[in-house]
Q: 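Here's a structure for you.
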Number of protein chains: 2
Amino acid sequence: MLDAAAELALEGAGGAGIDAIAARAGVSRTTVYKWWPSAAAVLLEGLLERTHDTIESPVSATTREALGDYLTRLIALIRDTPPGALLRGLTAASVTDQVVGHALINEWLAPRRAAAVHLLAEGVRRGEVRAGLDYDAVADVLFAPIYYRLMYAHQPLTDRLSAEIMAVCWPGIAASE
Amino acid sequence: MLDAAAELALEGAGGAGIDAIAARAGVSRTTVYKWWPSAAAVLLEGLLERTHDTIESPVSATTREALGDYLTRLIALIRDTPPGALLRGLTAASVTDQVVGHALINEWLAPRRAAAVHLLAEGVRRGEVRAGLDYDAVADVLFAPIYYRLMYAHQPLTDRLSAEIMAVCWPGIAASE
DNA sequence: CATATACTGTACGCTATGTCCAGTAATGCA
DNA sequence: TGCATTACTGGACATAGCGTACAGTATATG
């Protein structure tokens, strides 16, 4: 049943309501309410269920490459797979649903930010990254453009974006020689 | 009447419906529909009406200062005044309402991006900004963290954010000496 | 066999949207 | 002065989605 929920969560773009979810899962509406408080909650659980394995950071030669790879993979995930549309819908839902908002922060954003911060800290140890940076702010600057384009779609989410972000940001991150 | 619409647009946080808008304007629901296609459209027009004058870029000594000031002013606008909450709601609405989405891009985002691009171009002329940059990508990286925090509120929108963005990004923007 | 648990399906109240229509008030034109 | 146009009223209506309630069925567990 959790499987069914997850599947429909990803298939039904992001605007799926309780009715659609219940129907798609072959289950009564009442039953859905027994386990989740809202449609967004089901979709959120489906999203997290299916993207657990996309959190870990890659192993790359240099910190710069690792960060770039991480952004590229996030872009591909959001652009090419159902979780992208789902994340967009859930972000919209989070404006009026605080529970979803907190869950998004804690279960989606935070682990990925932590992975980036870990890469940065490792970079400092290796002497590739400047010491004394505000890691949280750096993580914001690195990730934000991706979510920005996800939400507004004023520019397409291309693979190039990752390189562009790194081109602008890396000089401010790299250890000065 | 446009005044009334604008006022209530800013007062009613962002989740105002047609009913609330009509009541607040002292006008029949039917009348609202005569002039706008949806609640979001009214709110959007109210938002744009009241923030026209916040688009222009400041005159500062250096390009770095000008960009920093611009970001600081945008942060203050979003954090301290009704347009912030309104923008948040409209962004959420834009996910399901393409008309609102395009209007947000063209009437809100684009002019501000253009102002930033103008500052960058001017900076190149003055020799303060590296030539050959992708201005659009740079504008994305500069602005995105603000909207990112507006939407997710995982971190507060503080005045410091502006300085943090500039600290990370400026080395990648500045002309290499 | 008895009981607890999970699920069904329908019905209900509620809110909000968007449309329709008959009637009223004000404006402008001949 | 008479007439037409335009803007607004307010109530009624259909539609849709949410969340809850309830009586009944199936399954498993002791």
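None of the values given here were measured: they were computed from a predicted structure. To find a chain, count down the sequence lines: A is the first, B the second, and so on, and within it residues start at 1.
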Q: Please list, chain by chain and in numerical order, all residues satisfying side chain to side chain donor-acceptor pair (under 3.5 Å) with B/E128, sequence neighbours excluded.
A: B/T63, B/R126
Q: Mind checking salt bridge (Lys or Arg N to Asp or Glu O under 4.0 Å) for A/R149 and listing every partner two or more places apart, or none if nothing turns up?
A: B/D140
Q: Holding to salt bridge (Lys or Arg N to Asp or Glu O under 4.0 Å), I want the full list of residues that pass it with B/E107, two or more places apart in sequence or in another chain.
A: none
Q: With a 4.0 Å limit, can you tell me whether A/W35 has a side-chain N or O closer than that to the phosphate oxygens OP1/OP2 of C/dC7?
A: yes
Q: Taking NZ from B/K34 and P from D/dG10, how many angstroms apart are they, rounded to a whole number?
A: 15 Å
Q: Taking side chain to side chain donor-acceptor pair (under 3.5 Å) as the test, write out the residues that go with A/W108, two or more places apart.
A: A/Y147
Q: According to salt bridge (charged side-chain N to carboxylate O under 4.0 Å, His left out), does anything in residues 51-72 of chain B pair up with another residue at least two apart or in another chain? List the pairs.
A: none
Q: Using a 4.0 Å cut-off on protein heavy atoms (strictly under), produce a 5'-to-3' string for nucleotides 8-22 of chain C with B for base contact, S for backbone-only sugar-phosphate contact, and - for none.
A: BBBB-----BBBBB-
